[in-house]
Amino acid sequence: ANCIRGVGSQAAKENLRAFGEVEKACLLAPEKHRKGCFDAGLTYTYFADGRSKMPRAACEQTSVFREACENWSHGR
């Protein structure tokens, strides 16, 4: 599970302005680890960008995890 979270973090690092790519990378993980992967990408974005919520434009690039993206906030 930690390795999969690392995939989400790395995907976010490489795609801060193209968050749909993070979702695509995480959807390649086994189903039970996909949400954790995506959450790790969201967390990385918080630390890298200093945001407490995801920007709307980033969430609009996602489909499967759009609701999780829109509702995510650090410290939830």
Side-chain angles (χ1 to χ4, degrees):
N2 284 337
C3 185
I4 298 296
R5 291 184 63 79
V7 169
S9 296
Q10 185 65 32
K13 179 179 181 180
E14 294 176 10
N15 297 285
L16 277 175
R17 302 292 173 244
F19 217 73
E21 296 301 316
V22 178
E23 181 178 66
K24 286 181 191 176
C26 291
L27 288 174
L28 295 173
E31 189 171 350
K32 68 180 183 178
H33 297 297
R34 291 176 184 169
K35 176 94 169 58
C37 175
F38 193 74
D39 283 344
L42 294 171
T43 301
Y44 177 86
T45 302
Y46 163 76
F47 286 108
D49 229 12
R51 297 175 185 264
S52 60
K53 292 189 70 77
M54 285 297 293
R56 180 178 300 259
C59 294
E60 288 174 351
Q61 297 173 23
T62 63
S63 57
V64 175
F65 295 116
R66 181 169 295 178
E67 185 176 343
C69 184
E70 290 173 345
N71 294 325
W72 189 89
S73 64
H74 181 68
R76 56 193 151 118

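No experiment lies behind these values; they were computed from the predicted model shown. Both backbone and side-chain heavy atoms feed into the values below; hydrogens, waters and symmetry mates do not.
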Ignoring hydrogens, what is the shortest heavy-atom contact between [X] and [Y]? Give both atom names and the distance.
X	Y	value
Q61	E23	O-OE1, 4.5 Å
G8	C26	CA-SG, 4.0 Å
R5	A40	O-CB, 3.2 Å

To the nearest 0.5 Å, what is the distance between [atom1] on [X] and [atom2] on [Y]?
X	Y	atom1	atom2	value
D39	R34	CG	CZ	14.5 Å
I4	K35	CD1	NZ	15.0 Å
Y44	L16	OH	CG	6.0 Å

V22 and W72: same hydrophobic cluster, using ILVMFWY side-chain contacts below 4.5 Å?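 Yes, V22 connects to W72 through the hydrophobic network.
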Do F47 and V7 belong to the same hydrophobic cluster, where Ile, Leu, Val, Met, Phe, Trp and Tyr are linked whenever their side-chain heavy atoms lie under 4.5 Å apart, directly or via other members?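 No, separate clusters.
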F65 and L42: side-chain contact (heavy atoms from CB on, under 4.5 Å), yes or no, with the steps? CA-CA 11 Å; F65 295 116; L42 294 171; over 6 Å; no
Do [X] and [Y] have side-chain heavy atoms sitting under 4.5 Å apart?
X	Y	result
C37	L28	no
E70	T62	no
F38	C69	yes

